[in-house]
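Notes to accompany the following structure.
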Amino acid sequence: ESGITKPKGYNVSFHCNPEMEKHHFGMTHPMKPWRLTLSKSLIYSYGMSFAMDNYISRAATYEELATFHSTDYLDFLGTVLPEPVPRDLENQNPDLKFNLGGSDCPLFDGLYDYCSMSAGGALDAARKLVSHQSDIAIAWGGGLHHAHKAEASGFCYINDIVVAILELLRYHPRVLYIDIDVHHGDGVEEAFFSTDRVMTVSFHKYDPNNFFPGTGALDDNGPKSEQNPGSHHALNVPLNDGITDEQYAMLFDTIIGQIVEKFRPTAIALQCGADSLAGDRLGRFNLQVQGHGACVAFCKRMNLPLLLFGGGGYTPRNVARAWAYETALAVGVDDKINDYIPSHTPWRDQFRHDTLFPTLEQILGEPRVNRNTQKRLQEMIQHVTEQLRFVQA
Ligand code: TV7
Ligand code: CA
Ligand code: ZN
C-alpha cells in the first residue's frame, strides 16, 4: 500500500498546539479541549500529516490580541485567577466583570495561555494564506465566535476568528466568513457590522428564548443606515431542529453560491463548529459527517484561499470524525481514506470499518424530528437573494 502524499498543485497547512489541548474548563463543562487531541490522533492515524505542512502554533502576542480586543479586557484576562468567588455563589453573582467567572466562561488555570494559543494558531494559519505558502490553512483549535471586544461569552474569551480575519484584510480586499456551528456567530458578525469588506453568514439553530445566544434572525442584517457601508453584509440562516444533510446542502450551496457570485470574496474563512452534527450534546441538528463536510468541499471548489476553523463540538468522538474527514477533504484524499490506513495500525480492519466513515451507513445520534419545512427554507433563500441586490463588489 502507498501512504498519503502531498497533493499536487496546492498546499495545505495544519496548525495545532498540544499545550492548548491540556486545559480544562471544569469537570462537567461541555467544552473539552482534549477533543483536539482526539481529532489530531485520528488525522495522524490516517497518515494525513504526510500530505500537509504541519506547524506547532505559537501563542498570539498581547499586541496581536489588541487588534480587536480592548486593553482593559486583555489586562484583566491576563491577571484573573481561578475561583475568585465561592462555587455556590458564582451563578448568582449578577455583575461578573467582563462576563468572566460564571459557569459558561469559568476562570481556569492557564486561561490566558489557552486563549492566546487558540488565537496564535488562527493567526499562523491566516499568515500562511496571505504569504501564498498555503492554499488551505487549518486551525481546529480556533473558531471561538462568541467573544466580544471587551466581554467573554458562550465558552469564548478571545475571538481568534476576528483577529485572523483582520490579518487577512491587510492583504485581501474582501473576505467571506461562513459559520456552520449550530450557534449564531454573533461575535464575528458584530465585529464587522460596519464594513463592506467582510460578509458574514451564519447557519444556526434559532429560538430567541430557548437557544443561545438568541440572535441571528433572518432579517438581522446589521444596523441599517445610509452611512453604514456594512449594512446588508451580515446574513443569517435561522434553522429549526432536525435539519438533514440534503436540506442543509441545498441551502448552503444555493446561498454561498449566490454570495460568491455577487460579493466576489478574495478569501474564505469557514468556522466548522461540529455541534451541528447529529448526536451532539448541545446541538439540535441531524447532520452527518458527510453533510457537514459537504460545506468544506463546496468552499474548496470556490478555489480561493481558505481558512478552516474549529469551534463548538460536544460529543468528542464525533468532533474527531468530522474534523478528520474535513482534513481529508482539504488534502483531497477523502474518497480513498480507508485505503491509506497504515498497515501497522493495530486493529486495522475494525478501524477501517467503523471509525471515520462507518461504511457511510452508520448514522450519528438518535435522529431528531425535522422541523424545517421546504417552504421556510425557500423563504430564507428568497430573503438572502433580496439582501444581495444591495451588494456590489
Ligand atoms: C462555540 N449551552 C459555544 C456555545 C456556547 C453555549 C450553553 C451550556 C452549558 C454550560 C455548562 C454546563 C451546559 C448542558 C449549554 C443561558 C445560560 C444557560 C450554564 C449551565 N452545561 C459555541 C452557551 C450556552 C457550564 N449558554 O458556539 C458548566 O449545557 O445557554 C447559555 C446560557 C446560562 C448559563 N447556564 C446555561 O459552540 C465554541 N451553556 C455544565 C457546566
Ligand atoms: Ca453558526
Ligand atoms: Zn456552538
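We count ligands from 1, going down the list as the structure has it; atoms in each ligand are counted the same way.
Side-chain N/O atoms of Asn370 and Gln247 include a donor and acceptor closer than 3.5 Å. Counting only N and O atoms by type, the side chains of Ser13 and His15 include a donor and acceptor under 3.5 Å apart. Using modelled atom types and a 3.5 Å distance limit, the side chains of Tyr73 and Asp75 yield no donor-acceptor pair.
Residue-to-ligand polar distances keep Arg281 apart from ligand 1: every N/O pair is separated by 3.5 Å or more. Some N or O of His145 is nearer than 3.5 Å to an N or O of ligand 1, by distance alone.
Between the O atom of Phe203 and the O atom of Asp181, the angle centred on the Ca ion (ligand 2) amounts to 70° when rounded to 10°. Seen from the Zn ion (ligand 3), atom OD2 of Asp275 and atom ND1 of His183 lie 100° apart in angle, a value rounded to 10°.
Under the 30°/60° scheme for interplanar angles, the aromatic rings of Tyr314 and His183 are found to stand perpendicular.
The Ca ion (ligand 2) sits nearest to atom OD1 when only the N, O or S atoms of Asp179 are considered. Here the N, O or S atom of Asp181 that is nearest to the Zn ion (ligand 3) is OD1.
Listed here is the closest heavy atom pair of Gly222 and Phe193: CA-CE2, 3.2 Å.
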(Q) Checking Ser153 against Glu151 for the side chain to side chain donor-acceptor pair (under 3.5 Å) test, could you report, in this order, the C-alpha distance in whole Å, the side-chain angles of both residues, the deciding distance, and whether it holds? (A) CA-CA 6 Å; Ser153 170; Glu151 195 181 285; 5.4 Å; no

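The residues Glu64 and Arg127 are annotated as salt-bridged, a charged nitrogen and a carboxylate oxygen being separated by less than 4.0 angstrom. In this structure, Lys40 pairs ionically with Glu21, as a charged nitrogen and a carboxylate oxygen lie closer than 4.0 Å.
Per-residue contacts place Met31 under 4.0 angstrom from the following atoms of ligand 1 (heavy atoms of the residue considered): 38 (C). Taking every heavy atom of Tyr314 and a limit of under 4.0 angstrom, the matching atoms of ligand 1 come to 1 (C), 3 (C), 4 (C), 22 (C), 37 (O), 38 (C). For ligand 1, the atoms lying closer than 4.0 Å to a non-hydrogen atom of Gly312 are 1 (C), 37 (O), 38 (C).
Closest heavy-atom approach to atom 21 (N) of ligand 1 within the set Pro30, Ser153, Gly313: this belongs to Pro30. For atom 5 (C) of ligand 1, the nearest non-hydrogen atom from the set Cys156, Gly273, Gly154, Gly102 comes from Gly154.
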Show me the donor-acceptor pairs within less than 3.5 Å that the side chains of residues 260-267 make with the rest of the protein, sequence neighbours left out.
residue : atom : partner : partner atom : Å
Lys262  : NZ   : Leu388  : O            : 3.3
Thr266  : OG1  : His172  : ND1          : 2.9
Thr266  : OG1  : Arg174  : O            : 3.0

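With a 4.0 Å heavy-atom cut-off, ligand 1 is reached by the side chain of Asp181 but not by its N, CA, C or O. The proximity of Asp275 to ligand 1, defined as any non-hydrogen pair under 4.0 Å, is limited to the side chain. Only the side chain of His183 comes within 4.0 Å of ligand 1, judged by heavy-atom distances.
Among the atoms of His183, an N, O or S atom falls under 3.0 Å from the Ca ion (ligand 2). One of the N, O or S atoms belonging to Ser202 lies under 3.0 Å away from the Ca ion (ligand 2).
The side-chain hydrogen bond (donor to acceptor under 3.5 Å, both in side chains) pairs that include a residue from residues 299-310 are Tyr10-Lys300, where partners are two or more places apart or lie in different chains.
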